[in-house]
Amino acid sequence: MSDEPQLIGGGPAGTGGRPGAGDGDHDTPHRADGLPAGKPAKGRKNRPQRTGWRRLLPTWRMVLGGLLLIVLLVAGGLVTGYLLVDIPPANKAAIAQSNVFLYSDGSQLAREGKVNRESVQLSQVPKRTQHAVLAAEDRDFYSESAINPEAMVRAAWNTVTGKGKQSGSTITQQYVKNYYLDQEQTVTRKVKEFFIAIKLDREVSKDKILEGYLNTSYFGRNAYGIQAAAQAYYGKDIGELDTAQSAYLATLLNAPSAYDIVAHPQNKGRAVARWNYVLDGMVKKGWLDRAERQKMTFPTPSDAKVASGMSGQRGYLVEAVEDYLTSNGIIDEQTLARGGYRITTTIDQKKQDAFTEAVRDRLMSKLSPDRKVDTYVRAGGASIDPKSGKVVALYGGIDYTKQFVNNATRRDYQVGSTFKPFVFTSAVRYGSTTQDGQTITADTLYNGDNKREVVGSGGPTGYAPANEDDVDYGDIDVTTATDNSVNSVYAQMAEDVGPARVKETAIDLGVPKNTPDLHASPSIALGPATASVLDMTEAYATLANHGKHGNYSLVAKVTKDGAQIKLPDREERQAVPRGAADATTSILQSVVDGGTGTAAQAAERPAAGKTGTAEEDKAAWFAGYTPDLATVVAVMGQDSNTGVQKSLYGATGLERINGGGYPAEIWAQYTAGALDGRPPADFDLRLEDGADSPDDSQNNPQPPDSPPTVPTTPPTDAPQDPSPPTTPTDNPPDLPTSDPTADPPTDLPTGGPSTEPGPGDPDGDPGDPGGDPGGPGGPVNG
């Protein structure tokens, strides 16, 4: 074999090469098919080599491969995004809501919260309103998927070509943006919106998505959600809107500020055009009859209202209602603070306005900026329907934004002689007797001399409260002592009944048992306790209701997202016998007819009441009632800068303010206005023997030689302290009582200065407050 290399398919003759392939073709390489390299095979054509710029273009194979790769990447990205992006919790702004407070008639009292939002269930939104929104924003919502690529492309094209910025988002996408994400225009947010919308559409019903959209969309005028919008533009609840009004609210979704024709009258043409677009869409979808559509006129919205805030009485009312809800365990404080509650109060707007007007007319109009003491003056009041226990009016102060402490609910001013009726009620309730065994009734005689020392079962107690102006009344009956608010008589009566029993009766009537300075000692009669105006109103309402007591109520109904919150049932019980309550009403009628409360007669209705003045004239009270209404008014003194309680001597230019003055006048004007249109009602009293009606009671002091029914003890020999009384800084010590359940005292003082803080006044007449000798002065009850 030759060592010469052989070419495939060629070689010398006889070795398998082609015959005659020698000389000229000897060095040409051949392919496996025997053809010279570079020549096309049989049936094939040479592909022309691309030259120049053509070499830069991709081949069709490259394009196809690239497109396939893109599709695979997009599909992979979609799958990955769907798996990785979860439905997040709602953003804080989306779930933040206001608490809406309503008067008893359903009209709005106040809205608390920065975000004006009130969520509703879809079932509360009329179909006409739902259809209007769908016609405006997404007519195929119920039949389409969460994403509408065609709409997205169309919106992008319109935006690019100058036809206006358009939204290609479906309602589902808009809801996702409102509820789960923020409003920033970023690619990341849009990507999240895309995937969450797809996932939400698979996991949540269309109805729920539409409900969420309606509750989270912004309609302008700081109104978030369809319910808030209905109130903001038409002053109505969503269920009260007609089709034309619904279409206008749907119009606002596109551009709230642009379509508010009240704020921007020049845009009315655009707004009307958009409104027509919505209605025409409803007709096209079969949601609205064409003939009905033709009859509609554009529903011009009401003027925009400035946010109500908490000014005036609103803040006081909201505060009292919230305290009622939390203190009664209806809603805890943190849950209430999250908002979303619709709270219908028991407050009657007519009566509330009457109370505000009465305080302004009878008191605030008398104040002068030139008198410093007038800057201390403030007032509080409360009014309760005795039969239902509903608080129908509450006056907290001149303005919540100026005086934020609620004068109707604060518990830091002595109630004075408004407490005295509870002593008499307790006496009748328990059939108590005087020290010599006489049953206590309206006709029972007591020694009413000034600073007569209180006598207990073991002898003198050392406590000798002064009467106002240091008046000696001699022997007078209980009715007269009540008319003139004689301290010496009522301190002795409290000892006769038993201070512990008096305290128990006050609590049963409605005074909270934890009231500061509510101590079981003889001084309890003169009102050192600091119950609130509202507390005292509840107790007097029990007397007006013939002794039946049920806790007051400030809330009639509470709902959240359409669901009703359960309120506690009102349990009414006979707190004190009817005879005891009615006997007290009888002697309190006498106070109005001829005692310290005659100013209350201006109400021109049968009325019962009691005046009271706190120590050093720091507060003056009138507590009274008709058969239909129990109301308490207090005028208080406080330095707004320091918060220190101040005396009201010289306020409004008068020497002093007492319960029979401004408080009784305010009470009368308010009562007349609150009950205007209702015929006057007489008290239906069932009096026991000895409890005469006011017409039969003795209204004049008895002559000095009238036989007393209680031993008269000589006044203390201790020197009198001429200095003015001072505010007690410590709780007064409890003195021995005549409570039959207590052991007889063994160490009673026999004379000398008393250590009992001594409330010293009778109510109503001007004069200097008295005090217990040697001790600090107590409430001046006038």
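What you see is a predicted model, and the numbers here were worked out from it, not measured in a lab.
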Given the side-chain rings of Phe219 and Tyr248, with only the six-membered ring counted for Trp, is the space between their centroids under 6.0 Å?
->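 No, the ring centres sit 6.0 Å or more apart.
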Taking everything shown except [X] itself, do over 12 heavy atoms lie less than 6.0 Å from its [atom1]?
X      : atom1 : result
Lys402 : NZ    : no
Lys560 : NZ    : yes
Lys557 : NZ    : no
Gln121 : CD    : yes

Is a donor from one side chain sitting under 3.5 angstrom from an acceptor on the other, for [X] and [Y]?
X      : Y      : answer
Thr346 : Ser553 : no
Ser107 : Gln349 : yes
Asp399 : Thr401 : yes
Glu538 : His549 : yes
Thr335 : Asp332 : yes
Ser383 : Tyr670 : yes

Arg378: salt bridge (charged side-chain N to carboxylate O under 4.0 Å, His left out) partners, not counting sequence neighbours =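 Applying salt bridge (charged side-chain N to carboxylate O under 4.0 Å, His left out) to Arg378 gives none.
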CA sep, side-chain torsions, deciding dist, call: Arg573, Glu571, salt bridge (charged side-chain N to carboxylate O under 4.0 Å, His left out) | CA-CA 7 Å; Arg573 64 183 181 87; Glu571 298 179 359; over 6 Å; no
Side chain to side chain donor-acceptor pair (under 3.5 Å) between Tyr400 and Gln313, intermediate numbers included | CA-CA 6 Å; Tyr400 187 72; Gln313 295 302 304; over 6 Å; no
Residues in side-chain contact (heavy atoms from CB on, under 4.5 Å) with Ala223, at least two apart?
->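 For Ala223 the side-chain contact (heavy atoms from CB on, under 4.5 Å) partners, ignoring immediate neighbours, are Asn116, Ala228, Ala229, Ala232.
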If only atom types and distance count, is the side chain of [X] paired as donor or acceptor with the main-chain N or O of [Y] below 3.5 Å?
X      : Y      : answer
Gln638 : Gly643 : yes
Tyr218 : Asn222 : yes
Trp621 : Val533 : no

Begin from the C-alpha positions of Arg429 and Asp508 and carry the test salt bridge (charged side-chain N to carboxylate O under 4.0 Å, His left out) through to its verdict.
-> CA-CA 12 Å; Arg429 176 187 191 182; Asp508 288 342; 2.8 Å; yes
Asn545 and Thr542: CA distance, side-chain angles, deciding distance, side chain to side chain donor-acceptor pair (under 3.5 Å) verdict = CA-CA 5 Å; Asn545 197 30; Thr542 304; over 6 Å; no
Arg410 vs Asp412, salt bridge (charged side-chain N to carboxylate O under 4.0 Å, His left out): CA-CA, chis, key distance, verdict | CA-CA 6 Å; Arg410 65 190 303 170; Asp412 57 349; 2.9 Å; yes
Give me the one residue out of Tyr625, Tyr662, Phe622 that meets ring pair (Phe, Tyr, Trp, His ring centres under 6.0 Å) with Trp667.
->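 The residue from Tyr625, Tyr662, Phe622 that satisfies ring pair (Phe, Tyr, Trp, His ring centres under 6.0 Å) with Trp667 turns out to be Phe622.
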Honestly, is Lys206 close enough over Tyr142, meaning NZ or CZ under 6.0 Å from the six-membered ring centre and within 45° of the axis?
->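 Lys206 over Tyr142 ring: no.
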